[in-house]
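Reading through the structure tokens given below for one structure.
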Amino acid sequence: MKAVVLLLFALIPSCCSLDNGLALTPPMGWLTWVRFLCETDCVNHPTTCISENLMKEMADIMASEGYLEAGYQYVNVDDCWLAPTRDSNGRLQPDPQRFPSGIKALADYIHSKGLKFGIYEDYGTKTCAGFPGSLYNMELDAQTFAEWGVDYVKFDGCNSDVLTMYFGYPAMGRYLNATGRPMVYSCEWPMYEVQQRPPNMQKVAETCNLWRLHTDIEDSWESLSDFINWFGDNQDTLIPVAGPGHFNDPDQIVVGNSGLNEAQSRVQVALWAIFAAPMIMSNDLRSLHGWQKRLLLNKNVIAINQDPLGIHGRRTINNGATSVWVKELTGSQFAVAILNQADQPLTFSMTLYDMGIQGNTLFSIVETFEGDALGNFNVNERFICGVEPTGVFLFTAKAVGNKSAIKGDSGKLIQDKNQHSLNVLNRGKGSRRVVNL
């Protein structure tokens, strides 16, 4: 089969790298998978099965409860929307019981709310759940998606020859572009290829708007920690290929489910912001706790994620369960995340310089989640903050002096007599306190 597939792709006219003008900042939206998986039983599970009703409900909430206004644009269905077979003309078709109005009508409804619609398919002969895949039908499927009004295509890699992906994924990208309809192209290519050989990440970045690299995320602290550590360990490969129009994707935002507490939920949105990662939620928007919704809509976190430079931040300190991550932002600013992966509280003490920010300059420090201004600090001034167990302290540092830059993966804790605690007014009280998040 491999020889046939390669011959087929050799006959496809080639063109330059992906240039669809999309995803200049990381895409934001919602996806069915982590929360709803492949639930197809709408008789026994009518409110949680993969269906047009579920998609419409999520779109209604996103449009009416501030998500769209905050930047969440895409309402995406993952696997299991398909009928078991293609139609008599060889075209993809949705399950007729769960999507009786058809995909175009669903896309039109989502568009009427000011949102965009995303769909799932697979490079192989079948999707991961066993529904019809796109192999040998990619051009037809791209045309079908365009006719339906699709805005975003997630292209998985189950049931395929991994060694043909180098040719197959670019072919699908060309087919999508040839339709003339703008569609974000989300690839799973390197996640599969890395199991057999190192993927050519430059080629991936030239082909896709975003790409998965690691395994599927799960709704747990253990899974989240694994993702964060993996991205840190592989950052020298990931950082150079990320930027406007092409981003590393550490998978879905699982905040809003049951697996993360509040501190751990802040960790995910903070590190996804540092990574310049797509913020694609997978949760039930109908049943979020107030703090979960406020966190997902936090404008300061979103601003870091959506910074137009599109820089994937760097882990500058890696000291066991304690790490520091720095991301350069526009306007002579940096975002800094101090991560505590231990199950004990952390008292953190370090200068900005040793965190990874160079420059003989003053910085204005603002804590991100609450927006508290913490004062001005010289890069060589030490400050102290508390970080709760499995938590994060996230702040921005805006230069008010000379130009600065991020230094490399180095730095250590240094004892210094010039200690400067981060003090802010305790909300609702007149006392002052050391920041303890």
Side-chain angles (χ1 to χ4, degrees), residues 25-26 28 65-72 253 255-256 260-277 279 281 288-309 311 313 324-340 345-348 350 352 355 357 361-379 381 383-388 390-401 404 420-437:
T25 58
M28 298 175 63
E65 297 190 12
Y67 295 95
L68 174 59
E69 183 179 0
Y72 294 93
I253 296 283
V255 174
L260 302 180
N261 64 29
E262 188 168 356
Q264 294 160 356
S265 296
R266 286 198 295 268
V267 168
Q268 186 177 28
V269 298
L271 270 296
W272 266 233
I274 293 290
F275 295 154
M279 291 188 70
M281 307 176 289
L288 298 187
H289 296 295
W291 66 263
Q292 293 170 329
K293 181 177 178 181
R294 288 190 296 273
L295 181 58
L296 291 166
L297 296 177
N298 188 293
K299 64 180 181 180
N300 297 328
V301 175
I302 292 172
I304 293 172
N305 177 267
Q306 295 289 295
D307 185 82
L309 290 181
I311 292 175
V324 177
W325 307 72
V326 182
K327 174 183 179 179
E328 185 177 357
L329 307 174
T330 54
S332 300
Q333 295 186 86
F334 300 90
V336 181
I338 301 167
L339 176 62
N340 176 23
L346 167 70
T347 298
F348 183 85
M350 188 174 287
L352 292 176
M355 290 184 206
I357 299 176
T361 186
L362 274 178
F363 285 88
S364 173
I365 307 297
V366 177
E367 189 277 328
T368 298
F369 293 110
E370 298 297 331
D372 292 317
L374 306 179
N376 292 341
F377 292 80
N378 188 280
V379 291
E381 260 186 306
F383 65 84
I384 303 167
C385 66
V387 188
E388 61 187 321
T390 60
V392 67
F393 183 86
L394 181 64
F395 66 90
T396 54
K398 181 176 176 61
V400 293
S404 300
H420 191 165
S421 296
L422 294 181
N423 293 312
V424 297
L425 288 175
N426 193 8
R427 291 184 176 274
K429 301 179 182 179
S431 62
R432 299 179 69 83
R433 62 178 175 86
V434 175
V435 176
N436 191 6
L437 297 181

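Position 1 is the first residue of the sequence; numbering continues from there. Since this is a predicted model, take the numbers as computed values, not measurements.
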* What residues form a side-chain hydrogen bond (donor to acceptor under 3.5 Å, both in side chains) with S332, not counting sequence neighbours? -> none
Just by distance, do the side chain of [X] and the backbone of [Y] share a donor-acceptor pair under 3.5 Å?
{"X": "N340", "Y": "G391", "answer": "no"}
{"X": "E367", "Y": "E370", "answer": "yes"}
{"X": "Q268", "Y": "S265", "answer": "no"}

Starting at [atom1] of [X], measure out to [atom2] of [Y] and round the result to the nearest 0.5 Å.
{"X": "N305", "Y": "I253", "atom1": "CG", "atom2": "CD1", "result": "8.0 Å"}
{"X": "I365", "Y": "E381", "atom1": "CD1", "atom2": "CD", "result": "10.0 Å"}
{"X": "F275", "Y": "I304", "atom1": "CZ", "atom2": "CD1", "result": "13.0 Å"}
{"X": "Q306", "Y": "T25", "atom1": "CD", "atom2": "OG1", "result": "3.5 Å"}

Where [X] and [Y] come nearest, the two heavy atoms and their spacing:
{"X": "L362", "Y": "N378", "value": "CD2-N, 3.4 Å"}
{"X": "A277", "Y": "P26", "value": "O-CB, 3.3 Å"}
{"X": "T361", "Y": "A399", "value": "OG1-CB, 4.4 Å"}
{"X": "W325", "Y": "L339", "value": "NE1-CD2, 4.0 Å"}
{"X": "L309", "Y": "E328", "value": "CD1-O, 4.2 Å"}
{"X": "S364", "Y": "V400", "value": "CB-CG1, 4.2 Å"}

Less than 3.5 Å apart, which donor and acceptor atoms pair up between the side chains of residues 296-303 and the rest of the protein, not counting sequence neighbours?
{"unit_1": "N298", "atom_1": "OD1", "unit_2": "N300", "atom_2": "N", "d": "2.9"}
{"unit_1": "N298", "atom_1": "OD1", "unit_2": "V301", "atom_2": "N", "d": "3.1"}
{"unit_1": "N298", "atom_1": "ND2", "unit_2": "F369", "atom_2": "O", "d": "2.9"}
{"unit_1": "N300", "atom_1": "ND2", "unit_2": "T368", "atom_2": "O", "d": "2.9"}

Going by heavy atoms in the side chains, are [X] and [Y] under 4.5 Å from each other?
{"X": "Y67", "Y": "M281", "value": "yes"}
{"X": "E262", "Y": "L295", "value": "no"}
{"X": "C385", "Y": "F395", "value": "no"}
{"X": "F334", "Y": "L352", "value": "no"}
{"X": "T390", "Y": "V267", "value": "no"}
{"X": "L329", "Y": "K327", "value": "yes"}

* For the rings on F363 and F383, is their centre-to-centre separation under 6.0 Å? -> no
* Is it the case that more than 12 heavy atoms not belonging to E65 sit under 6.0 Å from its CD atom? -> yes
